[in-house]
Amino acid sequence: MAMSTASATGSHSRNGFRFSDQENGDYNQHNYGQAFSVAGSEDFEGQKAFYSNEEKRKDKKSLMSNDHEDDNLLAEARQPLWRKVPIASSLINPYRIVIILRVVILVFFFHLRITTPVHDAIALWIISVVCEIWLALSWIVDQLPKWFPITRETYLERLSLRFEREGEPNLLAPVDIFVTTADPFKEPPIITANTVLSVLSVDYPVDKVSCYVSDDSASILLFDTLSETAEFARIWVPFCNKYNIETRAPEFYFSEKLDYLKDKVHPTFVKDRRAMKREYEEFKVKINILVAKAQKKPEEGWVMKDGNPWPGSNMDDHPGMIQVCLGSTGSLDKEGKELPRLVYVSREKRPGYQHHGKAGAMNALVRVSAVLTNAPFALNLDCDQFINNTKVLRESMCFLMDPQLGKKFCYVQFPKRFNGIDCNDRYANHNTVFFDINMKCLDGIQGPLYVGTGSVFNRQALYGFDPLSDKRPKMKSCCWPSSCSCCSSDSESSSDDDTDQELVNFDDEEEEELSFMSMKSLEKRFGQSPVFIASALMEDGGLPKGTNTRVLIKEAIHVISCDYEEKTEWGKEIGWLYGSVTEDILTGFNMHCRGWKSVYCMPKKAAFKGSAPINLSDRLHQVLKWAAGSTEIFFSGYCPLWYGYSGKLKWLQRLAYINSIVYPFTSIPLLIYCTIPAVCLLTGKFIIPTVGRILNERTTTGLKLVENLIRINLSNFASIWLMALFISIILTCVLELRWSGVSIHDWWRNEQFWVIGGVSSHLFAVFQGLLKVGGVNSSFTVRAKSAHDTSFGQFHLFKWTSLLIPPTSLVILNMVGIVAGISDAINNGYDSWGPFFGKLFFSLWVIVHLYPFLKGLMGKQNRTPTIVVLWSILVAIIFSMIWVRIDIFLPKQTGPALRQCGIRC
């Protein structure tokens, strides 16, 4: 097979696709009703009556039984494919009541905080009150969207009964699957190969699955890896289908510590499994050889196996490339069965053009797939996110192919699950609170946020259409622009200058509907590709019959050119939106603003699994990228605070998006509030008035005495409200864990890393966002991903980064403050211990939350890196000098004030 590039597309038309009838446009979602057709019952009246009466009764009973079974199957097929499962009222109502009580307590608490200032520490008091109000408001914004949590159940048996009836054409919808990778050295090819293998072996009709792999580095290493993967798939896919293997990524299947003989009664299973494991080890050796060869680039540039020069030797300046690895003639497995399509795609890159990172690569895949296969639904995966549940596509089809609500769903989001994380989940990599609490709650409003991977999209939502829009032109499977030359040989001679013609072959009613939209306006929206425009207007997907493969490949190369998106709405209203490194939030937000709904699907067996950053530095950089993307959106025109007020976005959903954008700014009050306990310990001040301090004030007048007594009572009253606030916080957490099923360990890890990330990554993201507003751009590199067998080796790896400075300083500052506070309490006697314990509590609160960070700093065997030791000494010296300057050890004058008596002695 030869490479199809922008420079040589005409000579490689033999590398085309084979399209079945359903691919050529026979698939139609409006044919759902075919699944309900029932064959007529047989007529026995003409048969001879030579049976005995008993045999007649048996036959009649058997016939009635068969008819009854058919009626039951038909009735079952007509049942809903999914249902909502609300949280039990006995679990959710107490949770809501406590939230209301907590808000009431906050109101009274802040009333007392504002009305009882601390006069001898007025600056600390003002700063602390402002920080507390900010943190309270951020909690309310986060809490309100949690009012309507739900879960969902799917019925895969009903899906099969409805769309996969025996003896009838399979009516399940085709799915295009996108896998993105950007750097084969940071994202090992063996990981990408496992993801692709899990896609090719998914439990779904093979003629309805197409896998597109985007290589944004134009690497020959990934190209050769996919070629080897395609060959290995010829033996891996039939093995999985024969023995019903569940984990279909071979790296993880062979590393599972399970009884692989369980339920495998086939006598040849053990023999075939051992043979397959040997084949996979040989496959890994081949990939490792490719990786070793790719370490050093030849002076003459890379050369493909067929001797032709590799077009992508310069990753920043190369033509668009498309290679059909599987799906062309002869793409069969070892048993002679058809395999899913596998297509390598590398979009064109030229100097001086904006390529928009992952969002640009995803939009290129959308256009290529629309031209070549045009499935109505598309699943996107990161290269390290393999399919763990082989029925995941069927799970999503239960929603997207629902005849009543399916066309209102823009995507089905699955939770992220991870492999290779330490058993204690020190850095909260699982994000359990977000995926098992927040996303469930959003599912009860307008749908979960799009998290960048593990989502099955309705292609019409990606094109910027509104759900159930009557203004949108509808295209039949045989209706293409007259300028399109992909349907017949006669049309191949038509000139490319005819692209301005109107769409033809519409019914009269459709022509009237389309009268307002000319081809020019469509090109301005979608780009100058009549083939792509025609596919975009085909609501039910599919390609026309008699498709010319050569023209499709040529058109696919055209739609991934670097200048195709110029003066179009790509990245603005269509596809993945540009303007932020977190393009997922923008894209999902834009769909919800148009009135679409999304669905959160949580099957019992995790749908996908992937890798997560293991060491502390990588984890902080990942959080920095997410937070920086949120700040970019905040300063952009797509900020939820002022964008999308069309009446289609529910206000609780908007509040959730606002929370996902403004949360990095909470790092400022959080950092200040984590510093205040140490400052209080070093200065002897406190942010709330204490009884001892009030009594020590001079009471020379009766009015002042009354005022002090009132302040004492208010101080005690404030303490009561403070205790009530702590109790409400505890109750909120307990009840939330009760209805969600999240463990206390996962919740506590989330709380700890919220503080760690807040005082480091979130803080830096805010400053980066402000710098970007000022014209200073910052770039993010691809996170290095580790192969499964080397992941734990990097757990204790320490990599110094500036993100470690703020939390390290906080830990040292609070430790120095505790020592200073103990010394001060010892010097000042019994009365000073009460205020000291209040300060100590808050300081320990900071240190306990930063404990996982401390463990990460220690590294393996608790060996503290030199840079951490030096920084600790420096910070300790600085604050020790400040402490001495405050003269905290000097005795305080507490006796009566002395005056001159006026007598000359």
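Throughout, residue positions are numbered sequentially from 1 according to the sequence presented. Because only heavy atoms are used, hydrogens play no part in the values below, and waters and symmetry mates are left out as well, while side chains stay in.
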* Geometric class of the F399/W82 ring pair [parallel <30°, tilted 30-60°, perpendicular >60°] ->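 Geometry flag for F399 against W82: tilted rings.
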* Begin from the C-alpha positions of Y578 and N363 and carry the test side-chain hydrogen bond (donor to acceptor under 3.5 Å, both in side chains) through to its verdict. => CA-CA 10 Å; Y578 305 148; N363 286 335; 2.9 Å; yes
Please confirm whether the backbone N or O of [Y] pairs with a side-chain atom of [X], one donor and one acceptor, at under 3.5 Å?
X	Y	value
T453	D382	yes
Q446	K648	yes
R619	A428	yes
N380	G452	yes
T151	V85	yes
R459	V366	yes
N458	K407	no
D176	A378	no
T154	L156	no
S396	V412	no

Tell me, please, which residues at least two apart from [X] pass side-chain hydrogen bond (donor to acceptor under 3.5 Å, both in side chains).
X	value
T181	E187
W139	Q143
T432	none

Taking the side chain as every heavy atom from C-beta outward, state whether [X] and [Y] have any atom pair closer than 4.5 Å.
X	Y	value
L379	S455	no
F148	I87	no
V456	F409	no
Y673	V846	no
F589	L449	no
K408	D402	no
R749	N424	yes
I150	K440	no

Is the distance between the ring centroids of [X] and [Y] less than 6.0 Å?
X	Y	answer
F634	F665	yes
Y450	F457	yes
F608	F386	no

* Quick one: which of W748, W754, F842 gives a ring-ring contact (aromatic ring centres under 6.0 Å, His included) with H849? ->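 Exactly one pass, corresponding to W748.
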* To do: Take Y95 and E736 through the side-chain hydrogen bond (donor to acceptor under 3.5 Å, both in side chains) test and state the conclusion after the steps.
  => CA-CA 7 Å; Y95 175 69; E736 188 172 78; 2.6 Å; yes
* S760 pairs by side-chain contact (heavy atoms from CB on, under 4.5 Å) with which of S802, S667, P807? ->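 So, applying the side-chain contact (heavy atoms from CB on, under 4.5 Å) to S760 and each of S802, S667, P807, only P807 qualifies.
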* side-chain contact (heavy atoms from CB on, under 4.5 Å), paired with W576, selected from L462, L586, N590 ->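 Passing option: L462.
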When you check the side-chain N and O atoms of [X] and [Y], is any donor under 3.5 Å from an acceptor?
X	Y	answer
D584	T587	no
D384	S611	yes
S598	H592	yes
T247	E256	yes

* Asked: Is the number of heavy atoms from other residues, nucleotides or ligands under 6.0 Å of K597 NZ greater than 12?
  ->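 Result for NZ/K597: open.
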* Neighbour count above 12 (heavy atom, 6.0 Å) for F635 CZ ->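 Yes, enclosed.
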* Take Y427 and Q752, measure what side-chain hydrogen bond (donor to acceptor under 3.5 Å, both in side chains) needs, and give me the verdict at the end. => CA-CA 8 Å; Y427 307 126; Q752 287 179 313; over 6 Å; no
* CA sep, side-chain torsions, deciding dist, call: Q768, T631, side-chain hydrogen bond (donor to acceptor under 3.5 Å, both in side chains) -> CA-CA 8 Å; Q768 285 188 3; T631 57; over 6 Å; no
